[in-house]
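Reviewing the structure listed below.
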Amino acid sequence: NDTVEIGPGNLKLIYSGKGELTQYINSRSLVKASVEQSYSYYAGYNGSKDKQASGAYIFRPNGTYSINSEGQDFFTVLRGPLLDEVHQRISSWIYQITRVYKGKEHAEVEFTVGPIPIKDGIGKEVVTKITTTVKNNKKFYTDSSGRDFIERVRDYRKDWELQVNQPIAGNYYPINLGLYMQDNSSEFSILVDRSVGGSSIVDGQLELMLHRRLLFDDSRGVGEALNETVCVLEDCRGLTIVGKYFLRIDPLREGAKWRRSYGQEIYSPLLLAFAEQDGDSWA
Amino acid sequence: RTNTDSLADALAIAQHHDAVSGTSKQHVANDYAKRLAIGYAEAEEVVGESLSCIAESASNGGCMSPTNKFQQCLLLNISYCPPSEVDLSNGKSLVVVIYNSLGWKREDVIRIPVINENVAVKDAGGKEIESQLLPLLKASVGIRDYYSKAYLSMASNVTPKYWLAFTASLPPLGFNTYIISSSSSTAKRAASTSSQLYDTKASQ
């Protein structure tokens with residue numbers, strides 16, 4: 001029943017005794033917010049009733065399925081002077097490490113997803129959802145190829161009257177740098193280290209599509225299903241991807257500086273080079 | 001002379017809309033990846049020579065022919081870094097040069113896989129700085145083992161057990177040097193014994 005607090009600096013993440021993220025607290029900016037995180041997948045449409053299947057071009061989800069975390073049995077906390085880490089096994093093919101650094105005021109989440117299982121004959125598009133209490137009233141903001149953040153309004157286009165046929169796919173946007181939402185007191189931002197899909201399907205929630213594996217061609221020109229495999233010595237498996245996203249909650253109008261400066265640091269990571277030397281001759 | 005022509009070619013080809021959006025056939029995606037890897041490996045040599053030159057320039061007051069051979073770790077995403085996975089118990093030191101390509105000062109936590117747990121990190125002035133050891137995630141080791149089958153000739157014999165973390169401080173558009181060597185005291189081990197709250201079944 002105990003809660004678990006991680007973070008050696010100003011930022012603390014609070015987990016429930018079941019290993020679920022529950023709170024985000026920044027003692028410097030006085031931000032205290034409820035946060036939840038989960039994984040789910042959208043089943044790829046197989047094109048059986050009409051001919052348009054989900055594929056590389058076409059996102060046409062056929063149901064949303066939760067991937068339940070394996071809970072406290074697969075939850076390990078590591079603490080140290082520079083950073084704290086939470087290791088979680090979400091399922092047999094999804095792992096996650098959440099890091100909170102002493103000198104940083106954002107949380108870093110490293111996800112390992114794959115090989116996406118397809119023995120059930122269903123293609124899957126795997127997403128993570130982060131839920132807060134931010135009252136964004138259908139509005140969220142996504143970057144435009146790393147440039148300006150553009151306002152998006154769920155189920156609405158300012159240039160034409162939108163007929164909503166695909167309530168999820170119709171609100172998805174490409175994310176290259178990040179996305180955020182805000183209400184009258186706070187901003188909730190996520191930055192990514194790679195191009196992904198993203199949206200806000202319900203108020204207070206941001207989601208990222210991290211990986212996908214589909215079994216049908218969408219007949220839009222690729223000519224094969226988006227079913228990437230990796231073969232090592234004739235041992236072929238679906239692709240496993242490893243990536244990071246970074247989340248932060250700021251008081252209103254204080255998030256832009258972090259999104260711009262840290263976004264640049266994600267894009268231009270420090271370059272490491274190694275050399276071996278004997279004894280103390282390194283000087 | 002080393003150059004970056006293959007990297008330029010690979011980057012030019014990867015501007016195709018299928019490469020950008022991920023709508024190519026798999027064999028084409030494999031070709032993009034291969035060309036980028038060739039370009040990266042080529043650029044690694046150029047960067048290694050440049051770093052040797054600027055590092056010597058800083059210590060000797062002039063850029064002579066580079067004497068230090070610098071290597072990078074292109075497969076750190078699968079926890080594979082042969083240059084850092086060296087046995088430091090025999091008196092050798094691992095020199096890490098870190099370059100900041102942005103125009104502002106940065107402080108960041110660096111993480112590299114190591115096989116020794118008795119290690120210390122010193123800055124360029126020889127002063128020991130705070131470091132931390134973290135265990136490798138089991139999943140990472142599994143992925144590394146899978147891919148290392150393809151790189152058997154490169155694979156080191158010992159799988160690293162830890163990430164060594166330390167804070168690097170970098171000037172704008174500049175570099176800093178850190179030295180990792182064996183130590184009588186163990187780097188702080190992320191208090192993994194005292195705060196592993198649950199006996200994880202994953203470890204089985």
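The analysis underlying the following values was restricted to heavy atoms, covering all of them including side chains, and did not include hydrogens, waters or symmetry mates. In what follows, chains are A, B, ... by sequence order, proteins preceding strands, each numbered from 1. The structure displayed is predicted, hence computed values, not measured ones.
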Which bit of [X] comes within less than 4.5 Å of chain A, counting heavy atoms only: side chain, backbone, both or neither?
{"X": "B:Glu107", "answer": "backbone"}
{"X": "B:Asn30", "answer": "neither"}
{"X": "B:Ile98", "answer": "both"}
{"X": "B:Val96", "answer": "both"}
{"X": "B:Leu170", "answer": "side chain"}
{"X": "B:Val28", "answer": "neither"}

Who among B:Gln72, B:Glu44, B:Arg106 has the most heavy-atom pairs with chain A under 4.5 Å?
B:Arg106

Quick check: closest heavy atoms across [X] and [Y], and the distance to 0.1 Å?
{"X": "B:Ser24", "Y": "A:Val222", "result": "O-CG1, 3.8 Å"}
{"X": "A:Leu226", "Y": "B:Gly22", "result": "CD1-O, 4.2 Å"}
{"X": "A:Gln264", "Y": "B:Leu102", "result": "CG-CD2, 3.7 Å"}

What's the spacing between [X] [atom1] and [Y] [atom2] if we round to 0.5 Å?
{"X": "B:Trp163", "Y": "A:Leu83", "atom1": "CH2", "atom2": "CG", "result": "12.0 Å"}
{"X": "B:Asn77", "Y": "A:Thr240", "atom1": "CG", "atom2": "OG1", "result": "11.5 Å"}
{"X": "B:Leu88", "Y": "A:Glu276", "atom1": "CG", "atom2": "CD", "result": "7.5 Å"}

A:Pro269 versus chain B, the contacting section by heavy-atom distance below 4.5 Å
backbone

Answer yes or no: are there more than 12 heavy-atom neighbours, outside [X] itself, under 6.0 Å from its atom [atom1]?
{"X": "A:Lys102", "atom1": "NZ", "answer": "no"}
{"X": "B:Tyr99", "atom1": "OH", "answer": "yes"}
{"X": "B:Lys105", "atom1": "NZ", "answer": "yes"}

So which residue, A:Asp218, A:Asn227, A:Asp84, A:Leu272, ends up with the most heavy-atom pairs under 4.5 Å with chain B?
A:Leu272

Please identify, among A:Glu228, A:Glu265, A:Arg220, the residue contributing the most non-hydrogen atom pairs under 4.5 Å to chain B.
A:Glu265

Which pairs pass salt bridge (Lys or Arg N to Asp or Glu O under 4.0 Å) with one or both residues in residues 91-101 of chain A, sequence neighbours excluded?
A:Glu85-A:Arg99, A:Arg99-A:Glu108, A:Arg99-A:Glu110

Validation row: A:Leu78, B:Pro135 side chains within 4.5 angstrom (heavy atoms)
yes

Measure from the side-chain N and O atoms of B:Glu130 to the backbone N and O of A:Leu82, and report whether any donor-acceptor pair falls under 3.5 Å.
no

Using atom types as modelled and distance alone, determine if a side-chain donor or acceptor of B:Gln26 lies under 3.5 Å from a backbone N or O of A:Thr229.
yes

Run B:Ile112 and A:Phe274 through side-chain contact (heavy atoms from CB on, under 4.5 Å) and show every step you take.
CA-CA 11 Å; B:Ile112 55 173; A:Phe274 301 90; 3.6 Å; yes

